[in-house]
Amino acid sequence: MTDWIKAARLRTLPLSLSGIIMGAFIAKWRLYGEGGIWDWKIFALALLVTLLYQILSNYANDYGDGIKGTDAKRASEAEARAVASGKITAKQMKNAVILFSILSLVATVALLYVAFFPKYMNEFYIFIGLGVASILAAIGYTVGKKPYGYMGLGDLFVFIFFGLVSVCGSYFLFTKSFSWDMLLPGTAIGMMSMAVLNLNNMRDIESDRLSGKNSFALRIGFKNAMIYEMILLQLPLILILMFLGVNGFFQTQNYYVFIVMILLLPLMKLRRKIMAVKEPKELDPFLKQVGIMTFVMAVLTAFGLNFFN
């Protein structure tokens with residue numbers, strides 16, 4: 001059981017929850033202002049679905065990299081990866097991927113049933129398609145003949161599914177509407193998620209080169225990937241500030257809503273520490289830190305909007 005828990009890579013779970021928290025609690029704030037109802041059952045099921053997607057993705061990545069021999073070339077991670085180290089066989093991991101694909105689909109249907117049935121059947125079917133696409137994206141990063149993670153497209157998919165789909169999709173579950181300003185927090189969460197993936201790919205840049213995994217970081221080189229990382233970590237708070245601005249908070253006396261801006265200094269310090277790294281393997285501790293920072297950003301935004309209004 002311990003090996004399965006390690007393979008689930010629990011340190012990635014706060015990152016996956018961030019988009020749901022951001023979208024759901026912006027919806028709560030907006031529904032409160034309009035006299036609408038915020039359904040906690042939708043929130044609970046959305047959290048369950050995103051956790052299942054994340055574990056599915058981690059198991060699929062372990063399986064895909066393991067059978068391709070990618071993890072075997074990683075001095076920093078090979079011991080921790082279950083299939084590469086032999087702690088879990090490829091067949092067992094494949095079965096786990098199938099199981100979690102089924103669980104993810106069942107949980108998705110349950111979530112959409114609660115959110116849309118029976119008044120919003122068109123939306124129900126559209127989101128079923130999004131759910132299937134999310135499951136395929138979770139698997140397709142490293143699994144298959146042409147996994148998109150090996151073609152340098154991982155950043156794009158992470159931005160779409162961890163950012164836009166997670167934030168805007170969860171917002172839609174509650175409000176049954178789309179608002180263009182949601183692209184701002186969706187992009188913020190998406191960029192922070194890309195920052196985590198880029199750190200991971202920068203860390204593994206040499207082993208990925210040997211295994212033929214052409215990540216975006218490998219394609220642009222370590223130096224340019226570091227510049228890219230700084231941009232990804234610089235813009236999210238600006239985007240959140242823009243979201244608060246377009247919703248009129250600069251014209252109110254409710255300064256508590258800007259509580260999320262206390263992350264300016266910790267993020268500045270984090271960027272300096274990352275820039276000081278010379279050896280790729282030294283980037284590993286920062287993956288967890290950026291993931292937690294993303295989670296805190298979502299929680300503080302939710303807190304400022306809903307508990308000081």
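Quick note: numbers below take in every heavy atom, side chains included, and nothing from hydrogens, waters or symmetry partners. Computed from a prediction, not measured in an experiment: that's the story for all the values here.
In this structure, Ile55 and Arg9 have side chains that are not in contact, with every pair of non-hydrogen atoms separated by 4.5 Å or more. Contact annotation: the side chain of Pro185 approaches that of Ile26 to within less than 4.5 Å [non-hydrogen atoms, C-beta and beyond].
When the ring-ring contact (aromatic ring centres under 6.0 Å, His included) test is applied to Tyr120, no partner is found at least two apart in sequence or on another chain. With sequence neighbours excluded, the residues satisfying side chain to side chain contact (heavy atoms under 4.5 Å, CB included) with Gln234 are Arg271. When the side chain to side chain contact (heavy atoms under 4.5 Å, CB included) test is applied to Asn247, the partners found at least two apart in sequence or on another chain are Trp29, Arg30, Asp181, Phe243, Phe249. By the salt bridge (Lys or Arg N to Asp or Glu O under 4.0 Å) test, Arg209 pairs with Glu206, sequence neighbours left out. In this structure Lys41 satisfies the salt bridge (Lys or Arg N to Asp or Glu O under 4.0 Å) test together with Asp39, sequence neighbours excluded. The ring-ring contact (aromatic ring centres under 6.0 Å, His included) test applied to Trp180 returns Phe178, not counting sequence neighbours. When the side chain to side chain contact (heavy atoms under 4.5 Å, CB included) test is applied to Lys91, the partners found at least two apart in sequence or on another chain are Thr89, Asn95. Listed by chain and residue number, nothing satisfies the ring-ring contact (aromatic ring centres under 6.0 Å, His included) test with Tyr63 (two or more places apart in sequence, or in another chain). Applying the ring-ring contact (aromatic ring centres under 6.0 Å, His included) rule to Tyr59 yields the partners Trp4, Phe100; only residues at least two apart in sequence or on another chain are considered. The side chain to side chain contact (heavy atoms under 4.5 Å, CB included) check on Tyr255 picks up Gln253, with sequence neighbours excluded.
For Tyr125, the OH atom counts as loosely surrounded, since its 6.0 Å shell holds 12 or fewer non-hydrogen atoms of other residues, nucleotides or ligands. Within a 6.0 Å radius of CE in Met226, more than 12 heavy atoms belonging to other residues, nucleotides or ligands are found.
Between Leu233 and Ala195, the closest heavy-atom pair is CD2-CB, 3.7 Å.
Salt bridge absent: Lys213 and Asp204 never bring a charged side-chain N and a carboxylate O closer than 4.0 Å.
Using a 30° and 60° split on the angle between ring planes, Phe124 and Phe117 fall in the perpendicular class, above 60°.
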>> As a quick check of understanding, evaluate side chain to side chain contact (heavy atoms under 4.5 Å, CB included) for Asn201 and Ile205, giving each step before the final call.
In response: CA-CA 6 Å; Asn201 290 337; Ile205 197 165; over 6 Å; no
>> Before you tell me yes or no, could you show the steps for Tyr53 and Thr108 under side-chain hydrogen bond (donor to acceptor under 3.5 Å, both in side chains), namely the whole-Å CA-CA distance, both residues' side-chain angles and the distance that decides it to 0.1 Å?
In response: CA-CA 10 Å; Tyr53 284 169; Thr108 298; 2.6 Å; yes
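For Phe303 and Tyr256, the distance between ring centers is not under 6.0 angstrom.
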Donor-acceptor list for residues 153-167 side chains, cut-off 3.5 Å, not counting sequence neighbours:
unit_1: Asp155; atom_1: OD2; unit_2: Tyr228; atom_2: OH; d: 2.9
unit_1: Ser166; atom_1: OG; unit_2: Ile20; atom_2: N; d: 3.3

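Applying the ring-ring contact (aromatic ring centres under 6.0 Å, His included) test to residues at least two apart or on different chains, none of the pairs has a partner in residues 259-302.
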